[in-house]
Amino acid sequence: MVKIVTYNVNGLRPRVAQHGSLRRLLDALDADIICFQETKLSRQDLSGDVIMAEGYEAFISCNRSSKGRGAYSGVATFCRVTSAFSSQEVALPVAAEEGFTGLQETAKNSETIGDFVLVTPVEEEGLGEVTKEELLKVDNEGRCVITDHGHFVLFNIYGPAVEEDDIERVRFKLLFYKILQRRWQHLLALGKRVFVVGDLNIAPSSIDRCDAQPGFEKQTFRKWLRSMLREHGGPFFDAFRSKHPERVGAYTCFNQKVGAEVYNYGSRIDHILISGACFHHCGSVDDHSIFPCHVEECEIMDHFRRGNSENMSMWKGGRSSKLEGSDHIPVYIVLNEIPELPVHNTPSSAARYLPEIRGRQQSIVSFLRKGMIYEHKDAMSMDRADESCCGGGLESKAIYKEEPPTDIAKFSKGNDLHSVIKRKNRDQLLNEGSSGNSHNSTAALLATQSRKASFSFSKAVSNKKNKHNLSSQPTIKSFFQQPKSKPGDSSTNSIVTPPDTLHGMDELHDPKNDCLPESIQCTTPATEDQGNSDVPCSLSTDKCNEATLEWQRIQQRMKMTLPLCKGHHEPCIPRSVKKGSNIGRLFYVCARAQGPASNQEANCGHFQWATVKSKEKRRA
């Protein structure tokens, strides 16, 4: 049995963060082959945490376009395997290819799957002559990865989404699918089985769209996709619709900005298309194709947890409110009676061999040295550990505490400071010992002082970490303020800070003060004598309370001035026009989630332009 999942993740890093790790995300989908779309990864941003997972081999395509849009699009295919070498598993491909034109540099360095050769310029019906540069432009957005699994060739596709009035992008999308069609036809002519999965950004029929209007199916791309299906004379089965021909309300994508998922108001644009003969070695392809013989089930994973919040399906309205997680739902297919393959290894185009991944792999020694905090039991053994780092052989025993990667640089810098403090105290105590104190008392003092320094340093690092993690910015003014230092302050004028000063720094740099504007910060000095702690702190608290109450009053007044929607007589939410002649103009709409017009609980469709009288008065 082979299970394949397609899932538009709408950014792979956020999905990995929500599940805790890439491995957890992949395991949650529980499939042999997992195809992600819209990964939003560039080659420069690739790292092991979003590409490499134990038990999986990855094949990726990233956006190479120089359009200046940053990281967008992108696809990745993850194959679950027990061994990356000498394997007979169908999930592990025998070959892989980035892109689909065969013109990519990676494709030039090896044979394309099915020996596909595209001679340029290409004559395409409705598009005229297409140059090599235009084909590369289409293939450079990271929208396709092809993996050859021996018994079938799998296309992981992220189709372009375009506006009908954008002539350039409409041509782009048409060329994208026309060249793909050539590639599919070439493979089918060779007797290959072809699977196409992904977000095609096309809902083929009215049944696949919540608000399909008359003439919906006459649109160019919908007509093209239907022409690829068996019921319209094409070679492919639409796996889901072939299994569930009458099912309505089966959608895979929802507009998060209007809370469309609450009332299942979406479209089915994530597809699994399959074509080819079955494995029964029968002469008639019509009677024995792969779909009726080997497809056990195909379903939309409605209950898959796409975020880390229990309330991710609750719509709260408002401009910044939207559902958590991806705006797509995964779709899966299960195939049975798929034979094993001859012994083969992971293709050289796998992500494990990419320079961006291989170049960033660290040795175990460097990983332990940068990612751990050493807590030594006595000062003398700590000295030997420091001296032996370059000489090889760590003589002292250390306890390792794993720290998040973001704190590695912070620890490394701080460890140097700690060593300087420790050595300074050691030299001072040894001098005192040579003037009459016994060796034992000197060693005891040294150990005590080193422990003090260690405690002081760890406390300072802890406070610094807490201050760094504060995410709230009360005012714009506080964001632009420069940190102030008093003249002669040893914490800022000296690189080597004595342990006693480090204790004082914890109070002088109180994180509570850093998150407040200067006008309401606590000004009580950080000393043991608190007899003079008059009113500054209490005054600042009062001001904070007053500010909070004032803001609540402002919000209430704003709510009272919002118009009420006609359907529910509830306050509307303000929005603004993003493009066109009215760009920037404010309007009001119903705050409820989008849904069918027949549902009285859904958005009533209220729309109202905001008045511009206030602006006119100001100009006058």
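Since the structure is predicted, the reported quantities are computational estimates derived from the model, not experimental observations.
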For [X] against [Y], the heavy-atom pair lying closest together:
{"X": "Ala591", "Y": "Pro571", "answer": "CB-O, 3.8 Å"}
{"X": "Asn10", "Y": "Ser326", "answer": "CB-OG, 3.8 Å"}
{"X": "Arg226", "Y": "His232", "answer": "O-CB, 3.0 Å"}
{"X": "Ile60", "Y": "Val145", "answer": "C-CG2, 3.5 Å"}

Look at [X] together with [Y] and state whether they make a salt bridge at an N to O cut-off of under 4.0 Å.
{"X": "Glu163", "Y": "Arg169", "result": "no"}
{"X": "Asp49", "Y": "Arg13", "result": "yes"}
{"X": "Asp45", "Y": "Arg43", "result": "no"}
{"X": "Asp139", "Y": "Arg64", "result": "no"}
{"X": "Asp208", "Y": "Arg222", "result": "no"}
{"X": "Lys3", "Y": "Asp32", "result": "no"}

Would you sort out whether Glu38 and Asn8 count as a side-chain hydrogen bond (donor to acceptor under 3.5 Å, both in side chains), showing the intermediate values? CA-CA 6 Å; Glu38 204 173 358; Asn8 180 317; 3.1 Å; yes

Between Gln185 and Arg182, does the side-chain hydrogen bond (donor to acceptor under 3.5 Å, both in side chains) criterion hold? Intermediate values first, please. CA-CA 5 Å; Gln185 290 171 341; Arg182 285 192 179 212; over 6 Å; no

How many angstroms lie between [atom1] in [X] and [atom2] in [Y], if you round to the nearest 0.5 Å?
{"X": "Phe221", "Y": "Glu164", "atom1": "CZ", "atom2": "CD", "value": "9.0 Å"}
{"X": "Leu562", "Y": "Glu570", "atom1": "CG", "atom2": "CD", "value": "12.5 Å"}
{"X": "Lys566", "Y": "Gln608", "atom1": "NZ", "atom2": "CD", "value": "7.5 Å"}

Verify whether one side chain among Gln37 and Thr6 offers a donor that lies under 3.5 Å from an acceptor in the other.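 Yes, side-chain donor-acceptor contact under 3.5 Å.
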
Just one of Asp27, Asp30, Leu29 clears the side chain to side chain contact (heavy atoms under 4.5 Å, CB included) bar with Arg80, so which one? Asp30

Please name the residue in the list Leu136, Val138, Thr112 that meets the side chain to side chain contact (heavy atoms under 4.5 Å, CB included) test with Leu103. Leu136

Examine Phe176 together with Phe100 and report whether their ring centres are nearer than 6.0 Å. yes

Trp184 vs Phe155 aromatic rings, parallel, tilted or perpendicular, using cut-offs 30° and 60°?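 Correct class here is perpendicular.
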
Show your reasoning for whether side-chain hydrogen bond (donor to acceptor under 3.5 Å, both in side chains) applies to Glu89 and Thr82. CA-CA 8 Å; Glu89 297 169 276; Thr82 55; 3.1 Å; yes

By salt bridge (charged side-chain N to carboxylate O under 4.0 Å, His left out) - contacts of Glu134 (at least two apart): Arg171

Show me the donor-acceptor pairs within less than 3.5 Å that the side chains of residues 290-298 make with the rest of the protein, sequence neighbours left out.
from: His294; atom 1: ND1; to: Asn336; atom 2: O; distance (Å): 3.1
from: His294; atom 1: NE2; to: Phe279; atom 2: N; distance (Å): 3.0
from: Glu297; atom 1: OE1; to: Tyr332; atom 2: OH; distance (Å): 2.9

Pairs flagged by ring pair (Phe, Tyr, Trp, His ring centres under 6.0 Å) wherever residues 26-58 is involved - sequence neighbours left out: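 Qualifying pairs, neighbours excluded: Phe36-Phe78.
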
Walk me through whether Val90 and His151 qualify under side-chain contact (heavy atoms from CB on, under 4.5 Å). CA-CA 8 Å; Val90 177; His151 298 308; 4.2 Å; yes

Hey, does the side chain of Thr252 reach the backbone of Ile269 with a donor-acceptor pair shorter than 3.5 angstrom?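 Yes, Thr252 side chain to Ile269 backbone: donor-acceptor pair under 3.5 Å.
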
